[in-house]
Structures are given as structure tokens and as C-alpha cells.
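All chains are named by letter (A, B, ...) in the order of the sequence lines, taking the proteins before the strands, and each is independently numbered beginning at 1.
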2 protein chains.
Amino acid sequence: MTTHNHKAPLFLGIDGGGSKCRAILYRDGDGILGTGLSGAANPVNGLQAAKESILDACEQALRQAQLAPGELRNCIAGAGLAGVNLPSCMAAMEAWQHPFGQFHLTTDLHIACLGAHGRQDGAIIISGTGSCGFLSVGSHQRIYGGHGFPQGDKGSGAWFGLMALQHALQASDGLAEPTAIAGELAPLLGSHEPLEWVEQMAGQRSTAFARLAAVVFRAADKQDAVAQAILAEGAGYISELGQQLLDDGAPRLALLGGLGPLLTPHLSAPIQAAMTPAQAAPEMGAVYYAQDCLGAVPQAQAQ
Amino acid sequence: MTTHNHKAPLFLGIDGGGSKCRAILYRDGDGILGTGLSGAANPVNGLQAAKESILDACEQALRQAQLAPGELRNCIAGAGLAGVNLPSCMAAMEAWQHPFGQFHLTTDLHIACLGAHGRQDGAIIISGTGSCGFLSVGSHQRIYGGHGFPQGDKGSGAWFGLMALQHALQASDGLAEPTAIAGELAPLLGSHEPLEWVEQMAGQRSTAFARLAAVVFRAADKQDAVAQAILAEGAGYISELGQQLLDDGAPRLALLGGLGPLLTPHLSAPIQAAMTPAQAAPEMGAVYYAQDCLGAVPQAQAQ
């Protein structure tokens with residue numbers, strides 16, 4: 001049924017985030033044998049749901065390679081998950097009675113960095129729904145930011161969305177400069193009425209605010225001074241974060257996440273110059289991580 | 001059993017907020033006959049819980065006056081609730097099959113204003129967990145702010161707490177000026193470790209942030225520049241809100257809410273000069289509201 005190289009071990013590379021989980025099945029020599037995509041896998045927002053998303057994505061990847069779910073026990077899994085930088089969350093996930101042959105767990109940031117720099121030393125900045133920086137140089141690793149919404153994650157989608165809504169609401173009271181942001185928000189929130197915006201956004205999480213981020217970029221393009229000031233503040237923070245990573249010894253820097261392409265032209269010149277494109281996806285970084293963990297163990301024995 | 005004046009109607013004045021609900025039983029000539037205190041009564045955070053809190057507080061007030069719960073049907077209730085400035089929330093509460101003789105519903109802001117100015121025209125600023133301004137002059141009413149957390153409520157406890165945490169976290173990354181706020185936060189959050197602060201505050205609501213507000217005032221007292229800048233920004237917003245209310249025609253202004261005494265010395269001189277102390281509590285304002293709604297109806301008939 002398969003033509004796989006049965007001497008080399010099967011790896012699962014798992015990238016679990018707040019909205020989705022990706023998995024790849026990989027074997028040296030054969031490359032990627034299958035992929036899977038499932039739902040949210042941030043254990044902070046639901047431990048059981050995260051485990052189910054991981055298994056769902058991995059079983060999809062096995063199925064694509066025409067392997068049964070029972071093959072999970074023959075796979076060496078590397079997983080990078082959001083949230084496991086929090087010690088209690090890492091402990092909860094490590095207590096998992098998982099079905100894999102081996103399960104090597106690290107942060108989503110670590111696997112993204114390993115992927116972006118093809119396993120070499122380097123640093124990444126992620127700006128998507130949230131924001132943060134991560135550096136991995138030799139045995140030195142450090143996270144900058146990643147403090148969550150609304151207390152952190154400056155320069156992220158959620159932060160830009162929050163700033164947009166804050167300024168538009170204050171302007172509606174005559175307590176801040178009028179801004180074209182209000183007009184850009186209206187179609188997204190289905191109303192021109194600030195009271196209805198408030199009603200719609202009450203109690204919403206970061207993802208709902210991140211959906212509003214684009215209005216800042218659109219209004220800034222139209223020379224709106226308020227939007228331009230927000231953009232300068234957010235991009236300024238991302239540039240400072242990049243400088244901090246370079247100062248901390250990163251030989252290379254990559255900007256990842258959905259906001260990357262929008263932010264890049266607004267970053268400082270030295271940071272733009274230091275940026276390199278990402279070489280591989282985070283789930284491939286997760287495979288690298290599992291391979292590194294396997295380390296000295298002879299491959300035939302490990303399988 | 002009672003010596004009440006049976007010709008005058010019984011009023012219940014209800015003040016329902018995000019953390020508690022107060023009720024008073026009142027009759028002209030007799031004054032306050034009983035009081036009650038129960039849990040959260042903001043319908044946005046739970047419609048059924050709000051109704052239960054209202055009934056709990058009112059039945060306590062009746063009990064104090066040695067009246068049975070069945071007497072609710074002989075009471076004219078005035079209620080000011082948080083959240084009912086949102087049309088959907090107002091509609092949901094108005095659909096209530098309430099047990100009162102009459103139930104007159106308005107916002108928590110309106111009854112606070114009626115109480116603070118003894119039923120006269122005026123405006124209030126509330127800074128507690130949230131913040132907002134409210135003006136009632138003749139038939140003109142307007143709310144400023146009150147947009148909720150984190151998109152609004154600048155100058156509120158939740159806003160000061162959020163600013164404190166934001167600045168302390170950025171400083172922990174070396175991405176903001178070091179601040180004495182970090183040292184003030186540590187005892188409140190039970191740790192000197194920013195990662196544990198993040199873990200503890202993840203997904204928390206405004207009340208959890210408001211618990212941190214005092215650290216800004218404490219650090220500012222110790223001449224911390226970051227805390228002083230936050231305080232100047234928050235108090236500056238409250239002063240602008242006050243000026244907006246005066247410009248909109250308010251003949252008098254009162255500052256209510258837990259942060260009032262802390263904020264007052266930091267407000268602008270014209271706003272401090274315009275401030276008058278509150279004359280009566282919001283629940284008394286709710287009685288005034290019910291009496292105003294009763295209006296032309298003869299009192300004997302109304303009962």
C-alpha cells in the first residue's frame with residue numbers, strides 16, 4: 001500500500017494556535033506525506049479542545065498518507081502550542097496521556113522560529129491576532145511581549161482594532177479628533193451607530209478586535225491623521241521589538257503573522273534591512289524540534 | 001403591625017450595577033422604610049441573574065419593613081440599571097413579567113444624576129470600575145463615554161489597572177521606561193514574575209483590572225514618572241468629559257464612583273470648581289424617577 005522508507009521514523013509536526021491547528025506527516029527522504037487542518041489548539045482557552053484539535057489534524061495527515069489512526073503510536077510528534085509559555089498550561093499539556101510514540105512539546109514561537117530560519121539561530125516577530133518576539137540563539141531563548149489582550153500584544157491585529165474602536169468612540173463623544181476610522185468601521189460592524197458598535201463588541205475576545213485592524217491601514221492610506229498616528233505607534237513598537245531582538249544577539253530576523261505584509265513598509269529602515277523571508281512553515285519547525293529532541297537516540301531504535 | 005401612612009403609595013428605588021444591587025422602600029412622609037443589598041444586576045452579563053438580584057434586594061427591603069414579599073404588587077418600582085442604555089438590553093428587561101404594581105425602568109446613570117442633584121437639572125461623571133458622563137437638562141439627556149472595557153471607560157478603575165499592567169509588562173521586556181508600578185503590582189498579584197501576572201489576568205473582566213487601579217495612584221505619590229503620566233492622562237480625560245458636560249448646558253456637576261476622591265485633586269481647576277457634592281444616593285434617584293413617571297396619576301388611585 002505504501003512505498004515509504006520504513007527505516008526512517010515518521011514525524012508529525014504540529015502547529016497549534018488560538019484559531020487553528022496544522023499538522024504535517026513527514027519522513028526524511030520522503031518529505032511531507034500528508035497534512036491536516038483543524039480547530040483551535042490553545043490549551044489556555046480549552047485543554048480538551050486543544051487535544052482534540054491536535055488529534056484531528058494528525059489523523060487527517062495520516063489518512064492522506066493512507067495510514068490508520070493507530071499509526072499515531074509509531075509517530076514521533078513535535079508540537080508547538082500557543083499558551084504553553086505559561087507554566088501551568090505547559091504542565092497540563094505534559095500530563096496528557098497522548099497516543100503518540102513520543103510527544104515533544106514546546107511553544108508555537110519556538111517552532112515558528114525553527115521553521116523561519118531553517119533550524120538556524122535567529123529571531124522572529126509575529127504580528128497576527130496577537131504580537132510577540134522570540135529569540136533562539138544557541139541555548140538562549142527569550143520571549144518578548146506575547147502578554148495577551150488587552151494588557152499586551154501591542155502592534156497586533158487586536159491592538160490595532162482596539163485602537164480604532166477607542167478613537168472612533170471618543171470622537172463620537174466629541175472627546176477626540178474626528179477620524180475617517182469611523183467611516184471604515186461602519187461596514188465591518190454593520191452600523192454607523194457607535195452604540196451598536198459597543199453592543200456588538202461587548203465582552204468580545206481578541207479575534208473580534210483583530211477583525212477590525214484593517215480599518216487603521218485603510219484610513220491611514222487615505223491620509224487620516226488619527227489612523228496614521230496609530231499606525232506609527234504600532235509599527236514603532238514592532239520596530240523597537242525588532243531592535244531588542246537584534247541587540248540580544250539575533251543574527252537574523254523574520255516577521256510572521258497576518259499583519260506582516262501590512263506592517264513591513266512602516267518599520268524602521270534598520271529593521272526592514274535585517275528582515276529575511278521565512279524558509280519553512282512552523283509545522284516544519286515542529287518536525288525539526290522533534291528531530292532535535294530525538295537527538296542521540298538511534299533512529300531505527302526510536303521507531 | 002405597621003404605622004405607615006396608607007394613603008401614600010409605597011415606592012421601591014432600585015440601583016442595579018455590575019457588582020451589586022441596592023433597593024430602598026420609601027413612602028412620602030415616612031421616608032425610607034427598609035433597604036436591601038444583593039448581587040450583580042447588569043442584564044448584559046446575565047438577564048436572569050439581574051432579575052433575581054432585583055427581587056432579592058426588594059424583598060429584603062420589604063422584610064425590613066415587616067412586609068411580606070406579596071406586597072411587591074402594591075409597590076411602584078423605579079429601577080436604574082447598568083446596561084439598559086443598549087437598546088436590546090432595555091427591550092429584554094422591559095419584557096419582564098415583573099411582580100411589581102408598576103415598574104419604571106431607566107439607566108443607572110439617570111437615577112444617579114437625579115439623586116446627586118436632588119431631582120434638579122445637572123450632570124454626573126462616574127468613575128468606578130467603568131467611567132462615563134451623563135447629562136439631564138430639561139428633556140435633554142445624553143450619555144458620554146460608558147463604552148465599556150477595554151474599548152472605552154478611560155479614566156476608570158479598569159482603565160487605570162490596564163495601563164498599570166501594560167506599562168509594567170512592557171518595562172519587563174525593556175521596551176518601556178522602568179516604573180515603580182511593577183513593585184506596587186507584585187503584592188496585589190501575589191508575584192514579582194510578569195509571566196504569572198499575565199497568567200492571572202488572562203481573560204479577566206474589567207473588575208479584575210479595576211482592582212489594580214490603586215497602584216497608579218500609589219506609584220504617582222512616590223513620584224514615579226510613568227504613573228504620573230498615566231494619572232495625568234486619565235484625569236485629563238475626566239476633566240475634558242466634565243468640560244463637555246458643562247458646555248452641553250449642565251448647571252451643576254457631581255463626580256461619583258469609587259475613584260472620585262482619588263481623582264478629584266488631579267482634575268482641572270474649572271472642573272473642580274464646578275463640582276458639587278451628591279445630595280442623595282442613586283436608589284433615592286430611582287424613587288424620584290418612579291414618582292416622576294407616576295406624574296399626573298393621582299396618588300391614592302395609583303396605589
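- Put simply, of Gly145(B), Ala164(B), Gly133(B), Cys89(B), the one with the most heavy-atom pairs under 4.5 Å next to chain A is Gly145(B).
- Residue with the most contacts toward chain B among Gln243(A), Met163(A), Gln166(A), Lys154(A): Gln166(A) (heavy-atom pairs, distance under 4.5 Å).
- Among residues two or more places apart in sequence or in another chain, the ring-ring contact (aromatic ring centres under 6.0 Å, His included) test is passed with His110(A) by Phe134(A), Tyr289(A).
- Counting only heavy atoms from C-beta outward, the side chains of Pro87(A) and Glu199(B) approach each other to under 4.5 Å.
- Side-chain atoms of Gln151(A) and Phe209(B), non-hydrogen and from C-beta on, do get closer than 4.5 Å to each other.
- Contact tally against chain B (heavy-atom pairs below 4.5 Å) for Leu195(A), Leu169(A), Leu165(A), Val198(A): the top residue is Leu169(A).
- Contact count versus chain B (heavy atoms, under 4.5 Å) is highest, among Met201(A), His167(A), Gln244(A), for Gln244(A).
- Atom OG of Ser88(A) sits about 11.0 Å away from atom CD of Gln200(B), to the nearest 0.5 Å.
- Proximity to chain A (any heavy atom under 4.5 Å) is shown, for Leu241(B), by both the backbone and the side chain.
- Of residues 245-256 of chain A, no residue lies under 4.5 Å from chain B by any heavy-atom pair.
- Of all residues in residues 170-180 of chain B, those placing a non-hydrogen atom less than 4.5 angstrom from a non-hydrogen atom of chain A are Gln170(B), Ser172(B), Asp173(B), Gly174(B), Leu175(B).
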Distance-only check: which donor-acceptor pairs under 3.5 Å involve side-chain atoms of residues 40-49 of chain A, not counting sequence neighbours?
from, atom 1, to, atom 2, distance (Å)
Asn42(A), OD1, Val44(A), N, 2.9
Gln48(A), NE2, Glu52(A), OE2, 3.3

